[in-house]
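For the single chain, residues carry numbers from 1 onward in sequence order.
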Amino acid sequence: MAEEIRALHVDDDPNFGELTAVFLERENERLSVLSETDAERGLRRLAADDIDCVVSDYDMPGQNGIDFLRAVREEYPELPFILFTGKGSEEVAADALSAGATDYIQKESGTSQYTVLANRITNTVAQHRARRQSERANQRRRLTLRQITDGFVELDDSLTVTDVNEQAVELTGLPREELCGLNYRTSIAEDGSDQSLAEYEHVLATGEPRIIEARSDINPDRWLEERIFPTERGDGIYVYFRDITSRKQREQKLETQARQLQGVLDSVQAALWMRDTESRFILMNQNYRDRFSIDHDADISGLRPEDLLDPALAAQFRGNDERAMAAGEPIEIEEEVETVYGPRVYLSRITPLFDDDGDVFATVGAAVDITVRKEREQTLTALHTAAQKIEQSTDEQTVYETLIETAENVLNFDLVAVDIERNGYLIQEAWKLNTDNEGYYEKTSLEANMTFAARAYNRQETIVVDDLRESDITPADPDYRSAMTVPIGTFGTFQAVFSETDAFDENDQEFAELLVDHARVKLAQLESAGLLESDD
């Protein structure tokens, strides 16, 4: 929002003063006009309020506009002052300008004069504020140059040093008298290949500030960070520089250590990485590269997460770094991460690293894939809920239906069925098949022992077949390739079938046996209470 302009209008005609205020404020909503009827009241108003511009009539009783102007100039030598008068003569205009008036406008008939006056006020105040801002900037610059710890050098358009501060003298080791007058091109960068020289000339040519890190031209064993800016007039450059030798040595040491560690880190199954305080990568291991498909030979040093990853994921990782640095101690984060393998859940531990001065210079992270563990926890929770439902069942049919629903919805088994023992046979009781044309034995003889269901029941042990085509039993449907059968005690069997080989792992067997065991216990309770159907 544009800054308000407060104008003081002094005119001995109060009606004209009120009219002027209305028209000026209508012309420009930034204008706020205060009115007084004589010079004395005008001076009191100036002392009491923050005024940006004075507009005064000339012909007033007591003090005229020129006398008022002189009084204002004694206390406010730079304040914009416009003489707005109906007494028009070259003599009055000359006196006004000689006394320090900023502008002179003669009153006219009609409202267009207020448009002119409003424009003069806003332009005059804008110029005045710009001058004050520039003066304050120069004062701050002079104060800053005395206070900053950075070295400062000013060079003209020929790259001759025109000014330096005390820190520059201390950092270069050269006296001020020797530095001032030194031409960078001819005295320092004689061969023309100097990195700083190229950057200085770039800033001179384009006016674009630059920041570089380079070895000192005067002390080659030292590293400097140079911030290069064009002068306000565009006729030279300012160079602020600081000694970063310790930081560069630390970075070089880190790079050496990183190379030594890389071989070891690549053998670790967890994803490992190190980033500096700006989240720029220092190292990462092969596991980290694999999960985000980052080429093994790609140089990631100095790259940020957003250079390699999706923006949302990069922001997530940056936030983790910032949390660890803010905490000042290791933090653990359980988070879902989109990888080349799909969404995975990781437990990440991020640790801030401190230098000898106690400042954080990097974070190191390790992330372990806990997706399987989380899925197992979720499955066990769902099985616990199913077990509670089974426990609350009042009839065997609810028990069987819960078995089927849980196997389908929680264990993600596609083809499931429950057979109940009746007079030496396993009778199909409940089932869930994908399509109508898939086969299943409605009744199998336990004595014949010619199905996996019969064998599992007779042995009272779980049978898992990885490939039915390699077994001695013909499945009810030739498309079935793997199967798992779990006995429900003496009550019957639970069976799951897949059209793919090796469909069931150790977890599937464990979860199925756990679920079936809850059903077995409940069926035993119903049998004891006489609530099971008889074999007749």
Start with the C-alpha gap between Glu225 and Ile211, add the side-chain angles, then the distance that decides, and say whether side-chain contact (heavy atoms from CB on, under 4.5 Å) holds. CA-CA 7 Å; Glu225 178 189 79; Ile211 299 177; 4.2 Å; yes
For a quick test of your reading: what N or O donor-acceptor pairs under 3.5 Å do the side chains of residues 43-54 make, sequence neighbours left out?
unit_1 : atom_1 : unit_2 : atom_2 : d
Arg44  : NH1    : Glu40  : OE2    : 3.1
Arg45  : NE     : Glu36  : OE2    : 3.0
Arg45  : NH1    : Asp49  : OD2    : 3.1
Arg45  : NH2    : Glu36  : OE2    : 3.0
Asp52  : OD1    : Arg129 : NH2    : 3.4
Asp52  : OD2    : Arg6   : N      : 2.8
Asp52  : OD2    : Arg129 : NH2    : 3.1

side-chain hydrogen bond (donor to acceptor under 3.5 Å, both in side chains) between Gln195 and Glu199, worked out: CA-CA 7 Å; Gln195 178 185 358; Glu199 298 296 342; 5.1 Å; no
Under 3.5 Å, is there a donor-acceptor pair linking the side chains of [X] and [Y]?
X	Y	value
Asn183	Thr160	yes
Asn320	Glu335	yes
Ser301	Asp299	no
Glu226	Ser196	yes

Mark yes or no for whether [X], through its side chain, and [Y], through its backbone, hold a donor-acceptor pair below 3.5 Å.
X	Y	answer
Asp103	Ile82	no
Thr485	Ile463	no
Arg176	Val164	yes
Arg344	Val337	no
His296	Gln286	no
Thr122	Asn119	yes
Arg250	Thr245	no
Thr406	Ala386	no
Asp502	Ser482	no
Thr102	Phe81	yes

Audit row: Phe498, Tyr480, ring-ring contact (aromatic ring centres under 6.0 Å, His included) steps and yes/no: CA-CA 6 Å; Phe498 264 100; Tyr480 295 160; over 10 Å; no
Mind checking the [atom1]-[atom2] spacing from [X] to [Y]? Nearest 0.5 Å is all I need.
X	Y	atom1	atom2	value
Gln316	Asp321	CD	CG	11.5 Å
Arg247	Asp276	CZ	CG	9.5 Å
Glu201	Asp157	CD	CG	12.0 Å
Leu411	Asn507	CG	CG	10.5 Å
Thr339	Asp369	OG1	CG	7.5 Å
Glu27	Tyr114	CD	OH	10.5 Å

Using a 4.5 Å cut-off on heavy atoms from C-beta on, say whether the side chain of [Y] contacts that of [X].
X	Y	value
Tyr200	Ile228	yes
Tyr341	Asp290	yes
Arg280	Met274	no
Glu232	Tyr238	yes
Arg275	Ile282	no
His9	Leu34	no
His518	Leu514	yes
Val55	Leu8	no

Over all heavy atoms of both residues, which pair between [X] and [Y] is shortest? Give the atoms and the distance, please.
X	Y	result
Leu117	Ile105	CD1-CD1, 3.7 Å
Ile300	Phe281	O-CB, 3.5 Å
Ser32	Glu4	CB-OE2, 3.3 Å
Val416	Ala496	CG1-CB, 4.0 Å
Ala483	Leu468	CB-CD2, 4.2 Å
Thr231	Ile237	CG2-N, 3.6 Å

Are any of the side-chain nitrogens in Glu377 or Arg373 under 4.0 Å away from the carboxylate oxygens of its partner?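 Salt bridge flag = yes for Arg373 with Glu377.
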Pair Arg131 + Glu78, salt bridge at N-O below 4.0 Å: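 So Arg131 does not pair with Glu78 through a salt bridge.
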Mind running side-chain contact (heavy atoms from CB on, under 4.5 Å) on Tyr346 and Ile333 for me, showing each step along the way? CA-CA 8 Å; Tyr346 287 90; Ile333 303 169; over 6 Å; no
For atom CD of Glu461, is the number of surrounding heavy atoms from other residues, nucleotides or ligands below 6.0 Å larger than 12?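 Yes, CD of Glu461 has more than 12 neighbouring heavy atoms, counting only those of other groups under 6.0 Å.
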Show your working on side-chain contact (heavy atoms from CB on, under 4.5 Å) between Leu171 and Leu224 and close with a plain yes or no. CA-CA 10 Å; Leu171 288 169; Leu224 300 177; 5.8 Å; no
Under 6.0 Å between ring centres: does that hold for Phe504 and Phe413?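 Phe504 vs Phe413: aromatic centres under 6.0 Å.
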is_close_aromatic(Phe152, Tyr240), centroid dist under 6.0 Å: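 Centroid separation for Phe152 and Tyr240: below 6.0 Å.
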Could you check Asp466, Thr501, Asp467 and say which one makes a side-chain hydrogen bond (donor to acceptor under 3.5 Å, both in side chains) with Arg481?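 Checked Asp466, Thr501, Asp467 against Arg481; only one passes side-chain hydrogen bond (donor to acceptor under 3.5 Å, both in side chains): Asp467.
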Please walk me through it: do Glu213 and Lys248 pass salt bridge (charged side-chain N to carboxylate O under 4.0 Å, His left out)? CA-CA 9 Å; Glu213 293 180 0; Lys248 293 296 289 186; 3.4 Å; yes
Run the numbers on Ser348 and Glu332 for side-chain hydrogen bond (donor to acceptor under 3.5 Å, both in side chains), then give the verdict. CA-CA 6 Å; Ser348 302; Glu332 286 193 352; over 6 Å; no
Let me see the working for Arg73 and Leu79 under side-chain contact (heavy atoms from CB on, under 4.5 Å), right down to the final yes or no. CA-CA 8 Å; Arg73 283 288 171 257; Leu79 184 66; 4.2 Å; yes
Can Arg291 be said to sit on top of Tyr288's aromatic six-ring, NZ or CZ under 6.0 Å from centre and within 45° of the ring axis?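 Checked: cation-pi criterion met.
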Arg304: partners by salt bridge (Lys or Arg N to Asp or Glu O under 4.0 Å), with sequence neighbours left out: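 Salt bridge (Lys or Arg N to Asp or Glu O under 4.0 Å) check on Arg304 returns nothing, list empty.
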